[in-house]
Amino acid sequence: MAALTVVLSTWSERQDKVEQLRHRFSQIEFVVPSNDAEYAEVMPRVHVVVGRLPQELLPHAHNLRWVQNQGAGVDRLLTPEIVDSDVVVTNAQGQHAPQISEHVLTMMLCFARDFRKVLQAQRDHVWRPPGFNPFCLEGQTLGVIGAGGIGRALAAKAHHLGMRVIGLRRNPKERPAYLDVLVGVDGLHGLLRESDHVAVCCPLTRETTGLIGAKELRLMKSTAYIYNIGRGKIIQAEPLLQALKEGWIAGAGLDVTDPEPLPPDAELWDLPNVIVTQHTSGSVPDNDDRFFDLLEENIGRFLNGEPLLNVVDKEAGY
């Protein structure tokens with residue numbers, strides 16, 4: 001085989017990290033295309049892609065063997081051509097669990113302490129906000145749909161806040177101590193009925209697309225809140241809007257939306273019981289460093305013929 005060629009498709013601004021890889025793996029050609037034309041030119045000889053993979057270039061990827069995704073979600077990457085191929089796909093599962101779990105907790109606490117009214121009162125120079133109605137998370141129930149890396153991190157934090165936590169996994173196994181209840185997909189409706197807060201932390205797959213619709217939202221308490229840090233299409237857009245406007249549920253914290261980006265004229269922006277955080281939950285300054293630690297480890301494993309970390313089940317979608 002010719003010398004290994006790796007495309008770093010989104011790292012033109014991190015030359016320090018690129019040089020770090022070149023220094024450690026001198027036998028590899030690392031290419032950082034500055035535009036799509038350069039990407040297309042190099043694609044026929046590429047063995048590994050890190051980051052963005054334009055679908056129109058796939059017919060030219062004759063030597064592609066592995067794609068390392070920069071995030072946990074791979075729904076945009078798993079085209080039929082990739083799923084049906086021998087290309088191995090790995091993701092960055094677990095890399096964002098600390099900050100995303102904190103992000104969900106922040107939204108939960110904002111609703112609990114009625115911070116939207118408090119902050120508006122500060123802007124208006126009003127000492128006590130009218131209609132101020134706070135409550136405590138302690139003693140309430142959190143339902144986590146998708147008790148994987150992010151869901152488990154959220155569940156553990158909520159447990160330490162004194163919340164009862166119900167976790168849902170496609171394949172429930174041994175229940176960790178921070179989960180009071182662990183259910184499979186057949187336990188979704190029970191989770192929705194019991195929870196004061198529902199966090200959607202699962203990936204977008206065939207099974208989870210539109211998972212939460214009108215029927216599911218109507219099962220929730222009228223005092224309950226729903227949060228989405230998975231993908232917007234997991235919650236059906238029109239039923240969610242109706243539920244929020246008509247009071248089926250108390251509110252929603254949405255880091256992801258359908259559509260995304262959310263159009264400027266979308267009603268969700270202005271609803272008083274909605275927090276929209278513009279897909280920022282995974283953002284922290286050291287994201288690049290965490291990812292490159294994983295990437296270095298996986299490149300070493302790839303060269304040595306060892307199992308890669310975070311291999312995606314392409315049929316399952318995560």
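Of all heavy-atom pairs between Arg231 and Asn228, the closest is O-ND2, 3.0 Å. Closest of all the heavy-atom pairs between Glu56 and Pro59 is O-CD, 3.4 Å. When all heavy atoms are compared, the tightest approach of Pro129 to Ala121 is CB-CB, 3.7 Å. Here the closest non-hydrogen pair linking Ile82 and Leu58 is CD1-CD2, 3.7 Å. Nearest heavy atoms, Arg193 versus Lys221: O-CE, 3.6 Å. In plain terms, the two heavy atoms of Gln95 and Phe291 that are nearest each other are OE1-N, 3.2 Å.
Under the 4.5 Å side-chain heavy-atom criterion for grouping Ile, Leu, Val, Met, Phe, Trp and Tyr, Leu191 is connected to Leu240 within one hydrophobic cluster. Val32 and Val49 fall into different hydrophobic clusters, where Ile, Leu, Val, Met, Phe, Trp and Tyr are joined by side-chain heavy atoms under 4.5 Å apart, directly or via other members. Taking hydrophobic clusters as Ile, Leu, Val, Met, Phe, Trp and Tyr residues chained together by side-chain heavy-atom distances below 4.5 Å, Val200 shares a cluster with Leu241. Under the 4.5 Å side-chain heavy-atom criterion for ILVMFWY residues, a single connected hydrophobic cluster contains both Met107 and Phe135. Linking ILVMFWY side-chain heavy atoms closer than 4.5 Å, directly or via other members, places Val144 and Val181 in two distinct hydrophobic clusters.
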- Test side-chain contact (heavy atoms from CB on, under 4.5 Å) applied to Arg45 and His60, step by step: CA-CA 9 Å; Arg45 69 175 194 272; His60 307 288; over 6 Å; no

- Query: Going through the distances and angles, do Asp313 and Tyr318 end up as a side-chain contact (heavy atoms from CB on, under 4.5 Å)?
  - Reply: CA-CA 6 Å; Asp313 181 333; Tyr318 59 91; over 6 Å; no

- Query: Hey, mind stepping through His96 and His103 against side-chain contact (heavy atoms from CB on, under 4.5 Å) and telling me if it holds?
  - Reply: CA-CA 11 Å; His96 304 96; His103 193 97; over 6 Å; no

- Would you please test Lys17 and Asp289 for salt bridge (charged side-chain N to carboxylate O under 4.0 Å, His left out) and show each step? CA-CA 8 Å; Lys17 291 297 183 182; Asp289 294 327; 2.9 Å; yes

- Give the C-alpha distance, both sets of side-chain angles, the deciding distance and a yes or no for salt bridge (charged side-chain N to carboxylate O under 4.0 Å, His left out) between Arg206 and Asp75. CA-CA 9 Å; Arg206 289 188 297 271; Asp75 48 286; over 6 Å; no

- Task: In sequence, state the C-alpha distance, the side-chain angles, and the governing distance for Arg116 and Asp114, and then conclude on salt bridge (charged side-chain N to carboxylate O under 4.0 Å, His left out).
- Result: CA-CA 6 Å; Arg116 295 197 71 182; Asp114 217 356; over 6 Å; no

- Task: Could you walk me through whether Leu109 and Phe115 pass side-chain contact (heavy atoms from CB on, under 4.5 Å), step by step?
- Result: CA-CA 8 Å; Leu109 287 164; Phe115 256 41; over 6 Å; no

- Item | Intermediate values then yes/no, side chain to side chain donor-acceptor pair (under 3.5 Å), Thr90 and Gln68 | CA-CA 5 Å; Thr90 56; Gln68 172 69 63; 2.7 Å; yes

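Residues Leu309 and Gln93 have side chains not in contact (no heavy-atom distance under 4.5 Å, counting atoms from C-beta outward). The side-chain heavy atoms of Cys110 and Ile275, taken from C-beta on, include a pair separated by under 4.5 Å. Using a 4.5 Å heavy-atom threshold, the side chains of Leu21 and Ile299 count as touching. Taking 4.5 Å as the limit, every side-chain heavy atom of Glu102 sits out of range of all side-chain heavy atoms of Leu105. No side-chain heavy atom of Val67 sits under 4.5 Å from any side-chain heavy atom of Val88. Put simply, the side chain of Ile229 reaches to within 4.5 Å of the side chain of Cys201, judged on heavy atoms. The side-chain heavy atoms of Ile226 and Met220, taken from C-beta on, include a pair separated by under 4.5 Å. In this structure the side chain of Leu268 reaches within 4.5 angstrom of the side chain of Leu244, judged on heavy atoms.
Heavy atoms of other residues, nucleotides or ligands lying less than 6.0 angstrom from CZ of Phe25 number more than 12. Counting heavy-atom neighbours within 6.0 Å of Asn35 CG, excluding the residue itself, gives a total above 12. Taking a 6.0 Å sphere around CD of Glu138, one finds it holds 12 or fewer heavy atoms contributed by other residues, nucleotides or ligands. Counting heavy-atom neighbours within 6.0 Å of Gln122 CD, excluding the residue itself, gives a total of 12 or less. A 6.0 Å sphere centred on CD of Gln242 holds more than 12 heavy atoms belonging to other residues, nucleotides or ligands. Counting heavy atoms of neighbouring residues, nucleotides and ligands inside a 6.0 Å radius, atom NE2 of His62 exceeds 12 of them.
Proximity of a side-chain donor or acceptor of Lys245 to a complementary backbone N or O of Leu271 within less than 3.5 Å is not detected. Side-chain atoms of Gln236 come within 3.5 Å of backbone N or O of Gly210 as a donor-acceptor pair. Checking side-chain atoms of Gln99 against main-chain N and O of Gly282 turns up a donor-acceptor pair under 3.5 Å. In terms of modelled atom types and a separation under 3.5 Å, the side chain of Arg301 and the main chain of Leu308 share no donor-acceptor contact. At distances below 3.5 Å, at least one donor-acceptor pair connects side-chain atoms of Glu38 with backbone N or O atoms of Ser34. Judged purely by atom type and a 3.5 angstrom limit, Asn69 uses its side chain to pair as donor or acceptor with the backbone of Gly71. For the pair Thr208 (side chain) and Thr205 (backbone), a donor-acceptor distance under 3.5 Å is present.
Put simply, NE2 on His23 and CD on Gln20 are 9.0 Å apart, with the number rounded to the nearest 0.5 Å. Note that CZ of Arg175 is 8.0 Å distant from CG of Leu182, once rounded to the nearest 0.5 Å. Atom CG of residue Asn298 and atom CD of residue Glu306 lie 10.5 Å apart, to the nearest 0.5 angstrom. To the nearest 0.5 Å, atom NE2 of residue His159 and atom CG of residue Leu154 are 13.0 Å apart. With rounding to the nearest 0.5 angstrom, the CG atom of Asp255 is 7.5 Å from the CD1 atom of Ile100. Note that the CZ atom of Arg22 and the CZ atom of Phe30 stand 8.0 Å from one another [nearest 0.5 Å].
Side-chain polar atoms of Gln278 and Thr280 form no donor-acceptor pair below 3.5 angstrom. Between Ser222 and Trp248, the side chains place no donor N or O within less than 3.5 Å of an acceptor N or O (distance only, hydrogens not considered). Checking Gln70 against Asn91 by side-chain atom types alone, no donor-acceptor pair falls below 3.5 Å. No side-chain N or O of His197 forms a donor-acceptor pair with one of Thr141 less than 3.5 Å apart.
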Name the atoms and distances for all side-chain donor-acceptor pairs under 3.5 Å in residues 257-265, with sequence neighbours left out.
| unit_1 | atom_1 | unit_2 | atom_2 | d |
| --- | --- | --- | --- | --- |
| Thr257 | OG1 | Pro259 | O | 2.7 |
| Asp258 | OD1 | Lys233 | NZ | 3.3 |
| Glu260 | OE1 | Thr257 | N | 3.2 |
| Glu260 | OE2 | His279 | ND1 | 2.4 |

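Qualifying salt bridge (Lys or Arg N to Asp or Glu O under 4.0 Å) partners for Asp293, counting only residues two or more places apart in sequence or in other chains: none.
Salt bridge present: Asp288 and Arg14 bring a charged side-chain N and a carboxylate O closer than 4.0 Å.
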